[in-house]
Each structure stands twice: as structure tokens, then as C-alpha cells.
There are 2 protein chains.
Amino acid sequence: MNAPIVNPALTKNQTLVFDALNRAEGPMSAYTILDKLRDHGFRAPLQVYRALDKLTEFGMVHRLESLNAFVACAHRESECCGGSHNHGQGTVAFAICESCNQVIEFHDHEVDHHLGDWAKSKGFKPSKTTIEIRGLCEKCAA
Amino acid sequence: MNAPIVNPALTKNQTLVFDALNRAEGPMSAYTILDKLRDHGFRAPLQVYRALDKLTEFGMVHRLESLNAFVACAHRESECCGGSHNHGQGTVAFAICESCNQVIEFHDHEVDHHLGDWAKSKGFKPSKTTIEIRGLCEKCAA
DNA sequence: TGCCACACGTTATAGCATAACGCAATTGAT
DNA sequence: ATCAATTGCGTTATGCTATAACGTGTGGCA
């Protein structure tokens, strides 16, 4: 089995961005992150985007396409799928509350399976799959 | 059965935008549409965005979140789901070829069902679900 | 030592989307 | 018929999101 990317050494900027996302406990746009990090010397969007690119590559951060925003991966060490920040073959899905902005990250192997079957039947080779459910979380729907 | 929005009368701008998307046979950004319609008197992005908002509301156009672009709905009259541009309860999914930009629109009721179950189990009330598979279509993967 | 890969910093620019204003046409109830 | 509400339209200005292109510095390594 190919070695997934596990606990890569983060650079200073990557660490700052990752920590900012973890503290936020919710999605942030790149420019919001930039503003939070001005006190730490950040001056330009590229500093944020470059860090986000790497963190996304490492699987430590996810991009929410429907929000143009980013969240820290909700996984903790070795929680599932065989390792730290390794999502294996599984697609990550998100439920995004449009009222309180809470984001629930989850996996659904059945959904993966069905979409995989569809792709196979069409000869389509997936590289990245986005699943995002916008709506109201339990609290906000009440 | 509840009446879905069927063949609403389109305004001039809406018709121009919809026709442009249909001619394109592929996704276009709002600004690309604007450029195509300058000869028809379009001058500003809002003319395009306002038409797109309505067309999306009517179900005649879909937004591809991972592309910031728009496509005409691939459905033809009464093709499925009980009527013109009526997607019923079903979520629309897209496979997007990153090589040739072809977009395949499809439905997967099993996937809908599983995501619906997940939402129900969490008390989450979905309003809109995005499913987009980026990858290579059969031709481009060969 | 020279080369390479990579992170970083900066300036500028490109691409996507909406706010806020006013006007015109339509509808529909009184 | 007329007034009010709604809707579409056009324009200007602005804001948000993302990347191009340049150069610098550093660490590994043949």
C-alpha cells in the first residue's frame, strides 16, 4: 500500500494558517485568515493561499467549494480510515448550516460506492469529488 | 401533484443568457457569457447574474460550484422525474472532465437516498446539495 | 562549489460577484 | 382609471477571491 502523507513537518506559515483554522472552529475565507495573521507578519494573499495549497494537499484542510472557504479537517489522529489525515479512498462530505455556519464533516461509504459505480459505468476517472449539503443544522432548524 | 415551475416566460435577457449557454454545450463563467452577449447590448455583469439567478431558480441552469461557472440543464422536456426541468426531490450531480471540459449531468437516486438518510439521522434540513466529480471523461482518460 | 528544490516576500493583475441608485413596464386591487 | 406594489432593467462603483511573475534566501547533496 502506498504511504499516505502523515504528519508532514509544517513550515512556519503553514503552521500559522492551520492553527488559525483550528481556532476558528468554522470555515474561513483566505482573506479572513490573512486578516487574522497580519499581526504575525502576513501581508499578502499568496502567503495564505500557498499555505492552504499545501495543507489541502496534506489532507489537513478542506476547501468548501460552495463557500469559497476553508476548514480544518475534523479528523483527529488515527480516528478512522487507517490513519492520521488519511482519507483513504473515501470522499469527504460536508453539511453546512446556513444559519450558524457550523460545518459537519462526514463520510458515507455507500455514497462513495454508488458514485464510484457510476463513474466506472461511464469510464469516467474521478480525481476529486465534492459533496456539500447546504441547509439548517438540528439546532437552527428547531 | 404540486406544480413545478414549467416553461416560465423568459424575459429578453434571460432568453439571451439561456440561449448562449445552450449553444456553448459546456460550462461558461458569467463574464464569458457577458462577452458573448456584448453584441446584443449587454454591458455589465449584473445583467448576466440577474438572468442566471432566475434561470437557476427555474431549474433551467445549474451552477458548478467547483468551477464558478454555469451550464444549461441537460434535461429535455419530460425526459425524467415527471416533467420539464423538474428535478423532483432528486439532487443533480455532475461529472466534469478536467481535460476537455465536458460536463455530464446525472442523477443517482441511491446517493440521494443515502445522503437524505444521513441528514435525517442528524436532524439536518438540506436546502441544496452539491455533488461534483472532477476527473477525466472516458475519451480523455484513454 | 555548483546545482536544485522549495519556501518565502512583494507587486501587480485577473477573475468572480454584489451594493446601491434610479427608471420603466407590468400587474392587480380598489 | 388610478394608485401602489412588484419586477426587470441599466449604470456606476465597489468588494471579494485567486493567481502571475518576479526575485530572495536556505538547505540538501552530488
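Within every chain, numbering begins at 1; the chains are lettered A, B, ... in the order of the sequence lines, protein sequences first and strands thereafter.
At whole-Å resolution of the value, OH in A:Y49 and P in C:dC8 are 17 Å apart. As rounded to whole Å, 15 Å separates atom C1' of C:dC8 from atom CG of A:L52. At whole-Å resolution of the value, CG in B:D53 and P in C:dC16 are 16 Å apart.
Applying the 6.0 Å contact sphere to NZ of A:K128 captures more than 12 heavy atoms from other residues, nucleotides or ligands. With a 6.0 Å radius and a threshold of 12 heavy atoms from other residues, nucleotides or ligands, B:H113 has its NE2 atom at or below the threshold.
Where B:N68 and A:N13 meet DNA chain C, the nucleotide closest to each residue was compared, and A:N13 sits on the side nearer the 5' end.
An OP1 or OP2 oxygen of C:dT10 is reached within less than 4.0 angstrom by no side-chain nitrogen or oxygen of A:R50. A sub-4.0 Å separation between OP1 or OP2 of C:dC8 and a side-chain N or O of A:T11 is present. Phosphate contact (OP1/OP2 of C:dC8, side-chain N/O of A:K12, threshold under 4.0 Å): absent.
Nucleotides of DNA chain D that come within less than 4.0 Å of any heavy atom of chain A span, from the 5' end to the 3' end, D:dT17 to D:dA21.
If you check the side chains of A:E65 and A:T130, you find no donor sitting under 3.5 Å from an acceptor.
A:V71 and A:I133 fall into different hydrophobic clusters, where Ile, Leu, Val, Met, Phe, Trp and Tyr residues are linked whenever their side-chain heavy atoms come under 4.5 Å apart, directly or through other members. Both A:F58 and A:L21 are part of a single hydrophobic cluster, where members link through side-chain heavy atoms under 4.5 Å apart.
Of the residues in residues 33-47 of chain B, those lying under 4.0 Å from DNA chain D by heavy-atom distance are B:R43, B:A44, B:L46, B:Q47.
Considering only heavy atoms from C-beta on, B:I131 comes within 4.5 Å of B:L115 through its side chain.
With hydrogens and angles disregarded, no donor-acceptor distance shorter than 3.5 Å links the side chain of B:T91 to the backbone of B:D112.
With B:R63 as reference, B:N68 is the one residue of B:D53, B:N68, B:T56 to meet the side chain to side chain donor-acceptor pair (under 3.5 Å) rule.
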